[in-house]
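Note that ligands are numbered from 1 as they come in the structure, with each ligand's atoms numbered from 1 the same way. By convention here, the first residue in the shown sequence is residue 1.
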Amino acid sequence: MIEHLNNLGISALAEVEQAEDLQALDVIRVKYLSKKGEISLLMGKLRDLPQEERPVFGQKVNETKALVEKALYDKKEVLENIELLKTLENEKIDVTLPGYQFYQGSIHPLSQVIEDVEDLFVGLGYEVAEGPELENDHYNFEMMNLAKDHPARAMQDSFYTDENMLLRTHTSPVQARTMLAKKGQPLRIICPGKVYRRDNDDPTHSHQFMQMEGLVIEKGLNFANLKDALLKMARHLFGPERGIRLRPSYFPFTEPSVEVDVSYIKKDGTIGYIEVLGAGQVHPNVLSMGGYDPEVYQGFAFGIGIERIAILKYNIDDIRHFYTNDLRFLAQFKGVGQ
Ligand code: FA5
């Protein structure tokens, strides 16, 4: 029996020695040391031995078990190290390979125009003001000298949510809100934001577009101050070579009123003009409703169509390109004005 035990020990150690991976090692452990393993089973044979031989044999079995366990433990450590090295080798990072390319976004062309115009006017002492897009009829029309039944309301077909609330048709209601907030103090503001009209979409019109309102109220302002501000803006945006045309126009909230067109080269090479803003001297009624005495204060105001500016600046043939978020279109504005 002792000899059989010795043989088992020898073959177990030899198998451990030859094992090539952790799986093979586990098979050996089960074969010899598990409950039904060959060495463990020898313990069950103790009772077949004479009484006096049992302690010696029992001790021998335990010693053999311990030897095999130790060999398994040592070999496991060796194999684990080999596997770790293999993994490290396989996952080695080649720092010389080119890195992943990250797509770099760009500022939307409309935001670029807004930032550009804001920069100019903030430099001229204007503050940036904002107002809600869902606006009260009172601010959008009435405070702008457009009473409920005023025919000029038809110039701005509107989206009403109920009798009094509508999506603002222009940024002009921010004029009224700011005048009331300033409580008769002189002011210079610009107000960028989205506006909405029931216009049919075409290459130069959209039902949702962006405007930037400007309003200055001070003592002693006249039409020349308005013209000066508009020319500064046109030259800042388009350079001295672009032509500007001021056309007499009509808005209920300004008197006199003008529309400003900027020149562009048409596809056939001739010069065309595109309307980019409406402007004028603030109507005395609007000043009074806003809390200013028209005998003391004068004002001028303008409302710029941001898309129209971007169309001219970047030579875009259809306003709808700005809203479709086609990356091929937007990627062209990377680095422009940034
Ligand atoms: C107004 O909205 C006036 N509130 C502007 C104003 C402000 C005048 C202060 C006087 C004093 P108008 O409807 O013309 O005016 O629009 C102003 C600009 O918005 C136009 O010149 C044009 O550039 C742009 N615009 C108007 N409708 C559309 C549209 N459907 N799509 C894109 N841009 C438009």
Exercise for review: Number the atoms of ligand 1 from 1 as they appear, then name those within less than 4.0 Å of a heavy atom of T204, with their elements.
Suggested key: 31 (N), 32 (C)
Review point. In ligand 1, which numbered atoms sit nearer than 4.0 Å to a non-hydrogen atom of I319?
Key: 32 (C)
Practice item. Ignoring angles and geometry beyond distance, decide whether L277 reaches within less than 3.5 Å of ligand 1 through its nitrogen or oxygen atoms. Key: yes
Review point. If you measure from atom 25 (N) of ligand 1 to every heavy atom of Y196, F251, F300, F209, which option wins on shortest distance?
Key: F209
Exercise for review: Among all protein heavy atoms, pick the one closest to atom 17 (C) of ligand 1 and tell me residue, atom and distance.
Suggested key: Q211 NE2, 3.4 Å
Practice item. Could you tell me whether some N/O pair between D199 and ligand 1 is separated by less than 3.5 angstrom? Key: yes
Revision key, fill the gap. The closest protein heavy-atom partner of atom 22 (C) of ligand 1 is R308 NH1, 3.3 Å
Check your understanding: Heavy atom of V282 under 4.0 Å from ligand 1?
Key -> no
Point to revise | Pair D26 + K76: basic N to acidic O under 4.0 Å | key: no
Check your understanding: How about T324 and D326: does a side-chain donor come under 3.5 Å of a side-chain acceptor?
Key -> no
Check your understanding: Between D116 and H236, does any side-chain donor sit less than 3.5 Å from a side-chain acceptor?
Key -> yes
Review point. Is E15 salt-bridged to R29, going by a charged N under 4.0 Å from an acidic O?
Key: no
Review point. So, N285 versus N145: side-chain donor-acceptor pair below 3.5 Å or not?
Key: yes
Study note, to complete from the structure: closest protein heavy atom to atom 3 (C) of ligand 1 is F253 CZ, 3.8 Å
Exercise for review: Look at K148 together with E142 and state whether they make a salt bridge at an N to O cut-off of under 4.0 Å.
Suggested key: yes
Review point. Does an N or O anywhere in V276 fall below 3.5 Å from an N or O of ligand 1?
Key: yes
Point to revise | Identity and separation of the nearest protein heavy atom to atom 31 (N) of ligand 1 | key: S206 N, 3.0 Å
Practice item. Kindly state whether the ring of H170 and the ring of F253 have centres lying under 6.0 angstrom apart. Key: yes
**Study point:** For atom 9 (C) of ligand 1, closest protein heavy-atom neighbour
**Key:** E213 OE2, 3.4 Å
Practice item. Determine whether V174 and R168 make a side-chain contact, defined as any pair of heavy atoms from C-beta on separated by less than 4.5 Å. Key: yes
Practice item. Say whether H205, considering both its backbone and side-chain N or O atoms, lies within less than 3.5 Å of an N or O atom on ligand 1. Key: no
Revision key, fill the gap. Among non-hydrogen protein atoms, atom 20 (C) of ligand 1 lies closest to E275 OE2, 3.2 Å
Exercise for review: Quick one: look up the protein heavy atom nearest atom 13 (O) of ligand 1 and list residue, atom name and how far away it is.
Suggested key: R197 NH1, 2.7 Å
Practice item. Say whether Q175 and ligand 1 are in contact under the criterion: heavy-atom distance to a ligand atom below 4.0 Å. Key: yes
Check your understanding: Looking only at heavy atoms, is any part of T171 under 4.0 Å from ligand 1, and if so is it the side chain, the backbone, or both, or is it neither?
Key -> neither
Review point. Any side-chain donor-acceptor pair under 3.5 Å between E218 and Q298?
Key: no
Check your understanding: More than 12 foreign heavy atoms under 6.0 Å from CZ of R235: is that the case here?
Key -> no
Check your understanding: Nearest to atom 5 (C) of ligand 1, what protein heavy atom do you find, and at what distance?
Key -> G303 CA, 3.8 Å
Check your understanding: Got a salt bridge between D261 and R247, using NZ or NE/NH1/NH2 to carboxylate O under 4.0 Å?
Key -> yes
Point to revise | Per-atom contacts, ligand 1 versus A301 - under 4.0 Å to a heavy atom | key: 9 (C), 11 (C)
Practice item. For D318 and H321, test the side chains for any donor-to-acceptor distance below 3.5 angstrom and give the result as yes or no. Key: no
Point to revise | Close N or O approach (H170, ligand 1; < 3.5 Å) | key: yes
Practice item. State, without any angle test, whether Q281 and T254 hold a side-chain donor-acceptor pair at a distance under 3.5 Å. Key: no
**Study point:** Contacting atoms of ligand 1, where contact means under 4.0 angstrom from a heavy atom of S172
**Key:** 4 (N), 7 (C)
Practice item. Identify, by atom number and element, the atoms of ligand 1 in contact range of T254, meaning under 4.0 Å from any of its heavy atoms. Key: 10 (C), 11 (C)
